[in-house]
A.B. asks: 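For reference, the structure I am asking about is given below.
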Amino acid sequence: MPELIEVEAYRRVAERAVGRRIDRVHAQDSWYCKGVEPRTLEAAMCHRTLTGARRKGKLLLIDTDGPVLGLRFGMTGRLLIDGTGPIDRLLYSSGRDDPAWHRFTLGFAGGGGMTVIDPRRLGGVELDPDTERLGPDAATAGAAALRDLLVGSTAPLKTRLLDQSRLAGVGNLICDEALWRAGLDPARLAGSLSPAEARRLHRHLRATIALLSERGGSHTGDLQIERTRDGRCPRCRLLLDRRTIGGRTTFSCPRHQC
DNA sequence: CCGGATGTTCACCT
DNA sequence: GAGGTGAACATCCG
């Protein structure tokens with residue numbers, strides 16, 4: 001589930017833990033520790049004090065007086081602080097809290113802690129993540145950045161928007177919703193957009209992120225309830241196209257998106 | 001029972 | 001080099 005909007009919600013709860021000191025670390029799942037041994041990760045984080053929580057795209061960055069901890073949530077990862085989190089259940093995952101799904105935990109001196117729960121193990125934890133591999137964050141990227149992302153590309157528009165190395169944070173749901181609102185066909189070649197279309201896309205992408213954030217998640221778009229067999233355009237009730245673009249299921253209106 | 005699902009990475013093609 | 005496809009991770013839901 002987690003796209004930029006959900007990770008931003010996680011960031012805000014993580015911020016509550018700033019100033020607290022870590023006195024135990026459980027990194028039992030070696031698969032979940034990316035590019036680092038669990039024991040190394042535990043030793044690196046233990047006895048550190050949290051100094052901040054940042055986000056770039058779907059990557060949550062926990063700052064300490066030592067290393068930076070990077071958290072990725074995949075499709076089913078949730079973050080709990082002191083046993084509660086901003087999101088109780090995700091679209092494709094139950095709200096159950098099976099202890100076997102606790103993939104990583106920081107325990108704080110004086111009680112409480114931060115836990116990553118991830119049934120499918122599609123997320124991961126890393127030490128000092130390379131944020132340069134990610135493009136500018138979609139929530140704040142300017143029109144010029146979006147234009148640079150599109151120009152000269154022969155890839156489908158949607159594929160380009162989902163490319164985290166070029167634009168960070170947009171997932172499948174935000175992408176379809178923004179393209180629907182902008183009236184742009186996801187299959188259009190990215191490089192074929194006119195400057196006016198690129199500006200329109202930028203405006204609608206930012207507006208979509210703001211709106212869905214306000215509504216409470218990536219899954220709250222108008223197109224969302226129609227993301228099913230025989231789904232219809234919320235605007236004109238025409239049967240939506242259902243295609244695979246960039247390896248992802250894609251819904252679009254054949255009349256409103258061109 | 002089967003297929004597909006908000007993500008990322010990698011191997012292997014064209 | 002640029003894109004595309006399919007697999008892998010593991011669980012839930014229709």
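Order of the sequence lines sets the chain letters (A, B, ...), proteins ahead of strands, with each chain counted from 1. Bear in mind that the values here come from a model prediction, so they are computed numbers and not experimental data. Keep in mind that the numbers below use all heavy atoms, side chains included, and drop hydrogens, waters and symmetry copies.
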A.B. asks: In terms of side-chain heavy atoms of A/Arg120, which of B/dT8, C/dG4, C/dT11 is nearest?
C.D. replies: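 Nucleotide nearest to A/Arg120's side chain: C/dT11.
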A.B. asks: Expressed as a whole number of angstroms, how long is the span from A/Met75:CE to C/dA7:C1'?
C.D. replies: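 Taking CE of A/Met75 and C1' of C/dA7, I get 15 Å after rounding.
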A.B. asks: Starting from C1' on B/dT9, measure out to CG on A/Leu162 and report it in whole angstrom.
C.D. replies: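 The answer, rounded to whole Å, is 15 Å.
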A.B. asks: Do the charged groups of A/Asp222 and A/Arg235 touch, with an N to O distance under 4.0 Å?
C.D. replies: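 No, no charged N to carboxylate O under 4.0 Å.
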A.B. asks: A/Thr228 side chain N/O closer than 4.0 Å to the phosphate oxygens (OP1, OP2) of C/dG14?
C.D. replies: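 A/Thr228 to C/dG14 OP1/OP2: no side-chain N or O under 4.0 Å.
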A.B. asks: Starting the side chain at C-beta, find the nucleotide from B/dG4, C/dG3, B/dT8 nearest to A/Arg242.
C.D. replies: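 Among B/dG4, C/dG3, B/dT8, the one nearest the side chain of A/Arg242 is B/dG4.
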A.B. asks: Nearest to the side chain of A/Arg133, heavy atoms from C-beta on, is which of B/dT9, C/dC12, C/dG4?
C.D. replies: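 Out of B/dT9, C/dC12, C/dG4, the nucleotide with an atom closest to A/Arg133's side chain is B/dT9.
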A.B. asks: If you measure from NE2 on A/His256 to CH2 on A/Trp180, what distance do you get to the nearest 0.5 Å?
C.D. replies: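 So the gap between those two atoms works out to 8.0 Å.
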A.B. asks: Quick one: does any side-chain atom of A/Arg206 pair with a main-chain N or O of A/Ala141 as donor and acceptor, under 3.5 Å?
C.D. replies: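 Checked: pair present.
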A.B. asks: Please state how far atom CG in A/Leu134 lies from atom P in B/dT8, giving the value in whole angstrom units.
C.D. replies: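 Roughly 9 Å, once rounded to whole Å.
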A.B. asks: Among the nucleotides C/dC9, C/dG3, B/dT8, which one has an atom lying closest to any side-chain atom of A/Pro156?
C.D. replies: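 Looking only at side-chain atoms, A/Pro156 lies closest to C/dG3.
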A.B. asks: Any idea which of B/dT8, C/dC12, C/dG4 is nearest the A/Ala155 side chain?
C.D. replies: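 Comparing B/dT8, C/dC12, C/dG4 against the side chain of A/Ala155, the answer is C/dG4.
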A.B. asks: I need the NZ-P distance between A/Lys56 and B/dT8, as an integer number of Å.
C.D. replies: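 A/Lys56 atom NZ is separated from B/dT8 atom P by 14 Å.
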A.B. asks: What is the distance, rounded to the nearest whole Å, between atom CG of A/Asp97 and atom C1' of C/dT11?
C.D. replies: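 After rounding, the reported distance stands at 15 Å.
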A.B. asks: Do A/Arg243 and A/Ser252 get their side chains close enough for a donor-acceptor pair, meaning under 3.5 Å?
C.D. replies: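 Side chains of A/Arg243 and A/Ser252: pair found under 3.5 Å.
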A.B. asks: For A/Trp101 and C/dC9, give me the distance from atom CH2 to atom P, rounded to whole Å.
C.D. replies: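 Whole-Å distance recorded here is 18 Å.
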A.B. asks: Considering every strand and a 4.0 Å limit on heavy-atom distances, what is the contact class for A/Arg103: base, sugar-phosphate, or nothing?
C.D. replies: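 No contact.
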A.B. asks: Donor-acceptor pair, distance only, cut-off 3.5 Å: does the side chain of A/Glu3 make one with the backbone of A/Gly171?
C.D. replies: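 Yes, the answer is positive, given that a donor and an acceptor are paired below the 3.5 Å cut-off.
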A.B. asks: To the nearest Å, give me how far apart CZ (A/Arg78) and P (C/dC12) are.
C.D. replies: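 Answer to the nearest Å: 11 Å.
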A.B. asks: Consider only side-chain heavy atoms of I, L, V, M, F, W and Y, link residues closer than 4.5 Å, and tell whether A/Val125 and A/Val25 are in one cluster.
C.D. replies: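 Yes; A/Val25 is reachable from A/Val125 via cluster members.
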A.B. asks: Which one, B/dT8, C/dC9, C/dG3, comes nearest to the side chain of A/Lys58?
C.D. replies: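 Of all the options, the side chain of A/Lys58 is nearest to B/dT8.
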A.B. asks: At less than 4.0 Å, is any side-chain N or O atom of A/Ser153 found next to OP1 or OP2 of C/dG3? Yes or no.
C.D. replies: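 For C/dG3, OP1/OP2 do have a side-chain N/O of A/Ser153 under 4.0 Å.
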A.B. asks: Given atom CG of A/Asp29 and atom P of C/dT11, what is their separation to the nearest angstrom?
C.D. replies: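 About 11 Å, once rounded to whole Å.
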A.B. asks: Could you go step by step and tell me if A/Tyr32 and A/Phe104 meet the ring pair (Phe, Tyr, Trp, His ring centres under 6.0 Å) rule?
C.D. replies: CA-CA 8 Å; A/Tyr32 215 71; A/Phe104 183 80; 8.0 Å; no
A.B. asks: Mind checking A/Arg160 for me? I need base, sugar-phosphate or nothing, with any heavy atom below 4.0 Å counting as a touch.
C.D. replies: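 Since only primed, P, OP1 and OP2 atoms lie under 4.0 Å of A/Arg160, the category is sugar-phosphate.
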A.B. asks: Say you draw a straight line from NE2 of A/His26 to SG of A/Cys46; how long is it, rounded to the nearest 0.5 Å?
C.D. replies: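 If I round to the nearest 0.5 Å, the distance is 9.5 Å.
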A.B. asks: Tell me whether the OP1 or OP2 atom of C/dC9 has a side-chain N or O from A/Trp31 closer than 4.0 Å.
C.D. replies: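 Answer is no, no contact under 4.0 Å.
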A.B. asks: Both distances under 3.5 Å, Watson-Crick or G-U wobble: on that basis, could you give the dot-bracket string for DNA chain C, with [ ] for crossing pairs and | for other-strand partners?
C.D. replies: .||||||||.||||
